[in-house]
Colleague: 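What follows is a single structure, and I will ask about it in a moment.
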Amino acid sequence: MAACAVLISAGAAAWAQTAVLAPPQNVLQLSANATVEVQQDLLSMTLNTTREAADAGTVQTQLRTALDAALAEARKSAQPGQLDVRTGNFNLSPRYSRDGKMTGWRGTAELVLEGRDFPRITQTAARISTLTIANVGFGLSREQQSKTETEAQAVAIDNFRQRADELARRFGFSGFTLREVAVNAHLGGPVQPRMMAMDAMAKSSADAPPVPIEAGKANVVVNVSGSVQLK
């Protein structure tokens, strides 16, 4: 009797496992997306300077002097969200001759101006005389990206539902129920800054005009993928 009980129990477990692993019927996998183009509203300007000397201490002192002066000038116009000021890379490295002998030290210091007030940022950069403009980039602020993602998400979900409904009817079903879904958002395509009328790498000076710039547009893409049960 004990052996028989074991056999029945094992058979029931095997049946249950088979039932669980049985492939679902009339399940459709699909995806849909939406792209919303939006004006870039965030400007980031990186300014830097390089110094060289025979010893590391001299280079470090020169860099700090240049950076402190730039920070003092930039902070005069700083405003949260409109112009945020922060330091970037600060590094020192030895220099060597062709025969491998150390000849001195070289260092670089950076200052980053970032925010949504483009004129404020470019005018501030133009007033900084101890650093030069090394890089200009555009992007989306958190507020702009969140707002645009919400808009694109609504469109992508509508596209997903419409496509699911259309496919269900083409397969001879009256509708569908949602089984599982994943929603993902990202910025589509590279973000490239555009410079106008002058070189962004030109040296800033106290009386230099602001660097003319023009932001481009970014694509916010939301993809909705998942499966539906046809009914």
Side-chain angles (χ1 to χ4, degrees), residues 31-50 63 66-67 69-91 108-159 182-205 208-225:
S31 65
N33 60 62
T35 301
V36 176
E37 188 178 73
V38 62
Q39 186 73 33
Q40 295 165 334
D41 68 334
L42 188 69
L43 170 63
S44 178
M45 298 188 76
T46 301
L47 294 79
N48 71 7
T49 188
T50 300
L63 290 176
L67 188 57
L71 277 168
E73 181 61 45
R75 285 168 177 163
K76 296 176 183 178
S77 302
Q79 183 177 346
Q82 302 304 309
L83 170 54
D84 294 309
V85 181
R86 59 182 173 85
T87 56
N89 293 329
F90 190 105
N91 61 74
T108 302
E110 290 183 346
L111 180 69
V112 181
L113 308 179
E114 186 175 80
R116 297 191 298 268
D117 191 335
F118 291 11
R120 182 189 295 261
I121 295 171
T122 56
Q123 290 166 12
T124 299
R127 291 195 301 270
I128 296 175
S129 60
T130 56
L131 305 179
T132 59
I133 299 174
N135 186 61
V136 178
F138 296 94
L140 297 180
S141 65
R142 291 182 180 179
E143 296 83 0
Q144 183 74 298
Q145 184 166 345
S146 177
K147 177 182 177 182
T148 308
E149 282 183 6
T150 299
E151 180 182 347
Q153 179 177 286
V155 177
I157 291 174
D158 286 343
N159 291 343
V183 180
N184 297 292
H186 66 275
L187 291 176
V191 178
Q192 298 289 346
R194 291 189 286 171
M195 306 303 297
M196 299 178 62
M198 68 181 293
D199 188 352
M201 305 297 287
K203 181 177 177 59
S204 299
S205 64
V211 176
I213 59 172
E214 181 181 354
K217 293 185 177 181
N219 290 327
V220 176
V221 182
V222 173
N223 179 265
V224 178
S225 59

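All heavy atoms count here, side chains included; hydrogens, waters and symmetry mates do not.
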Colleague: Quick check for you: to the nearest 0.5 Å, what is the distance between Asp117 atom CG and Ser77 atom OG?
Modeller: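 So the gap between those two atoms works out to 9.5 Å.
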Colleague: Starting from the C-alpha separation in whole Å, work towards a yes-or-no answer on side chain to side chain donor-acceptor pair (under 3.5 Å) for Arg120 and Gln82.
Modeller: CA-CA 8 Å; Arg120 182 189 295 261; Gln82 302 304 309; 5.9 Å; no
Colleague: If only atom types and distance count, is the side chain of Thr130 paired as donor or acceptor with the main-chain N or O of Ala66 below 3.5 Å?
Modeller: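 Flag set: sc Thr130 to bb Ala66 pair under 3.5 Å.
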Colleague: What heavy-atom pair brings Ile121 and Glu114 nearest, and what distance separates the two atoms?
Modeller: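 Looking at all heavy atoms of both residues, the shortest contact is CD1-C, 3.8 Å.
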Colleague: What verdict does the side chain to side chain donor-acceptor pair (under 3.5 Å) test give for Thr35 and Asn219, after you've listed the backbone C-alpha separation in whole Å, the side-chain angles of each residue and the deciding distance to 0.1 Å?
Modeller: CA-CA 6 Å; Thr35 301; Asn219 290 327; over 6 Å; no
Colleague: With rounding to the nearest 0.5 angstrom, report the CG to OG1 distance, Asn89 to Thr108.
Modeller: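 Between Asn89 CG and Thr108 OG1, I get 8.5 Å after rounding to 0.5 Å.
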Colleague: Can you name the nearest heavy-atom pair linking Arg86 to Leu111, along with the distance?
Modeller: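 It is O-CD1, 3.4 Å.
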Colleague: Do Gln144 and Val38 have side chains that approach each other closer than 4.5 Å (heavy atoms only, starting at C-beta)?
Modeller: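 Yes, at least one pair of side-chain atoms sits under 4.5 Å.
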Colleague: Decide side chain to side chain contact (heavy atoms under 4.5 Å, CB included) for Val220 and Leu140; before the verdict, give the C-alpha distance in whole Å, the side-chain angles of both, and the deciding distance to 0.1 Å.
Modeller: CA-CA 10 Å; Val220 176; Leu140 297 180; 3.8 Å; yes
Colleague: Using side chain to side chain contact (heavy atoms under 4.5 Å, CB included), reason through Glu143 and Arg116 one step at a time and then give a plain yes or no.
Modeller: CA-CA 11 Å; Glu143 296 83 0; Arg116 297 191 298 268; 3.4 Å; yes
Colleague: So, taking the atom named CG in Asn48 and the one named CG in Asn135, what distance separates them when rounded to the nearest 0.5 Å?
Modeller: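 Output value for this atom pair is 9.5 Å.
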Colleague: With rounding to the nearest 0.5 Å, note down the distance linking CD in Glu73 to CZ in Arg127.
Modeller: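 Between atom CD of Glu73 and atom CZ of Arg127 there are 5.0 Å.
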Colleague: Quick check: does any side chain N or O of Gln39 sit under 3.5 Å from a backbone N or O of Ala215, one acting as donor and the other as acceptor?
Modeller: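 At least one qualifying donor-acceptor pair exists.
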Colleague: Start with the C-alpha gap between Val112 and Met45, add the side-chain angles, then the distance that decides, and say whether side chain to side chain contact (heavy atoms under 4.5 Å, CB included) holds.
Modeller: CA-CA 6 Å; Val112 181; Met45 298 188 76; over 6 Å; no
Colleague: Among Leu83, Thr122, Leu113, exactly one meets side chain to side chain contact (heavy atoms under 4.5 Å, CB included) together with Leu43. Which residue is that?
Modeller: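 Of the listed options, the one satisfying the test is Thr122.
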Colleague: If you round to the nearest 0.5 Å, how far is CZ of Phe90 from CG of Leu63?
Modeller: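 Leu63 CG to Phe90 CZ: 4.5 Å, rounded to 0.5 Å.
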Colleague: Check for a donor-acceptor pair, side chain of Gln40 on one end and backbone N or O of Gly216 on the other, with a separation under 3.5 Å.
Modeller: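 Checked: pair present.
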Colleague: First locate atom NE2 of His186, then atom CG of Asn223, and finally report the distance between them rounded to the nearest 0.5 Å.
Modeller: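 So the gap between those two atoms works out to 8.0 Å.
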Colleague: For Ser146, does its backbone N or O pair with a side-chain atom of Thr150 as donor and acceptor, under 3.5 Å?
Modeller: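 Flag set: sc Thr150 to bb Ser146 pair under 3.5 Å.
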Colleague: Please answer whether the main-chain N or O of Ser141 pairs with a side-chain N or O of Asp41 as donor and acceptor at a distance below 3.5 Å.
Modeller: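 Yes; at least one donor-acceptor contact below 3.5 Å.
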Colleague: Apply side chain to side chain contact (heavy atoms under 4.5 Å, CB included) to Phe118 and Ile213, showing your working.
Modeller: CA-CA 8 Å; Phe118 291 11; Ile213 59 172; 4.2 Å; yes
Colleague: I need the minimum non-hydrogen distance between Thr124 and Ala74, along with the two atoms involved.
Modeller: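 Here Thr124 and Ala74 meet closest at CG2-CA, 3.7 Å.
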Colleague: Taking all non-hydrogen atoms of both residues, which atom of Glu149 and which atom of Val222 are closest, and how far apart?
Modeller: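 Minimum heavy-atom contact is O-CG2, 3.9 Å.
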Colleague: How close do Ala34 and Ala152 get, heavy atom to heavy atom, and via which atoms?
Modeller: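 Closest heavy-atom pair between Ala34 and Ala152: CB-O, 3.4 Å.
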Colleague: Could you pull out the closest heavy-atom pair between Asn33 and Asn159, with the gap in Å?
Modeller: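 In terms of heavy atoms, the two residues are closest at O-ND2, 3.2 Å.
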